[in-house]
Amino acid sequence: MVKCSFCSREAIYFYKPGNLYYCEKHFLEYFYKKVGKTIRRYRMFRGREHIIVAVSGGKDSLSLLHYLSIMSEKVPGERVSALLIDEGISGFRRKTIENFLKNRDKFNVDYRIVSFREEFGLTLDEMVKIGLEKGLPYLPCSYCGVFRRYLLNKVAREMGGTVLATAHNLDDNIQTFLMNIFRNNWERIARISPVSGVISHPKFIRRVKPFYEIREKETTIYAIIHGFYTPPIGCPYAKLNIRWSIKRQLNRLEEKYPGIKNSTLNSLLSILPVLKEKYSELKLSTCKICGEPSAHDVCRACIYRRELGILS
Ligand code: SF4
Ligand code: ZN
């Protein structure tokens, strides 16, 4: 039996960069302390918030919902609700929705499930098929990301949310960082911030990432401890995205050189203030078709809808 570095109990987690072993009790202490520190350092919540948690039914978002619903009980006037977007990916999303519904009693929060089909008239699978038939140059993740962000903002606002919390973790953030370095897209890197920094618009709901500095492995352990972990079900489109290769390579590198993920995150955090300064002028306007916040005259969701032939 490997012992915890802080007591004599059995270790359930090994933090390789610090050469530290944690038992369940000390892991939870470490987890709560770390997330709490991130929330405070970046002033994510301003008191009496109605926090909308974007959930997928996977371990990360359920861990975040669990964590925030417990934390909010200590803050007078604060509320937490969940918002799940069903993109319509056969063999995938149904299962994660079932996982959310199966566990919802553990969270005791109001929730809404909104689908691409009911909002846009098509599932993501149907969009991908039409896009291929029309010869459109987009990957499934492009439609998915644009329409999901669009709905998260719109529905969170309709639900009366004051802030939208997403479960992006350290691994997600550094993958996005590297993806955008490869694409030379520094404006996108400026947005990989713990709090949505460069966007301001009356219809835009502020976004926060409380798990910004938490490793994916750590949310897995949190979910296992609280009994809502189910093995991840891979999205069938994931392998078409460069993120998948970057994730594998980063995991290999971390295995060989422990701490590389932390230093990549630190590189991102060092460059963010410079990028925020540079892109601070980014003011969102309003899409002239749908009225939602947009960087251009017409938002990306309406451009896709027009190209897919589903703009009524
Ligand atoms: Fe959507 Fe791509 Fe993620 Fe699948 S892998 S859920 S298509 S963003
Ligand atoms: Zn629009």
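All ligand and atom numbering here is 1-based and tracks the order in the structure. Both backbone and side-chain heavy atoms feed into the values below; hydrogens, waters and symmetry mates do not. Along the sequence shown, residues carry numbers from 1.
Atom 4 (Fe) of ligand 1 has as its closest protein heavy atom Cys235 SG, 2.3 Å. For atom 1 (Fe) of ligand 1, the nearest non-hydrogen atom of the protein is Cys144 SG, 2.3 Å. Among all non-hydrogen protein atoms, the one lying nearest atom 2 (Fe) of ligand 1 is Cys141 SG, 2.3 Å.
Taking a cutoff of 4.0 Å between a charged side-chain nitrogen and a carboxylate oxygen, Arg41 and Glu213 qualify as a salt bridge. Note on Arg94 versus Glu98: no salt bridge recorded, every NZ/NE/NH1/NH2 to OD/OE distance being 4.0 Å or above. Using a 4.0 Å cut-off between a side-chain N of Lys or Arg and a carboxylate O of Asp or Glu, Lys217 and Asp171 do not qualify as a salt bridge.
If you put the vertex on the Zn ion (ligand 2), SG of Cys299 and SG of Cys302 sit 110° apart, to the nearest 10°.
Between Phe92 and Tyr237 the shortest side-chain heavy-atom distance does not fall below 4.5 Å.
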Using the side chain to side chain contact (heavy atoms under 4.5 Å, CB included) rule, take Tyr304 and Phe120 through it: C-alpha gap first, then chi angles, then the decisive distance, then the call. CA-CA 11 Å; Tyr304 281 173; Phe120 306 117; over 6 Å; no
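Counting atoms of ligand 1 from 1 in the listed order, those under 4.0 Å from a heavy atom of Arg148 are 8 (S).
The protein reaches atom 8 (S) of ligand 1 closely, with a heavy atom under 4.0 angstrom from it.
Counting only N and O atoms by type, the side chains of Asp110 and Ser81 include no donor and acceptor under 3.5 Å apart.
Residue-ligand proximity: Arg243 is placed with every non-hydrogen atom at 4.0 Å or more from ligand 1.
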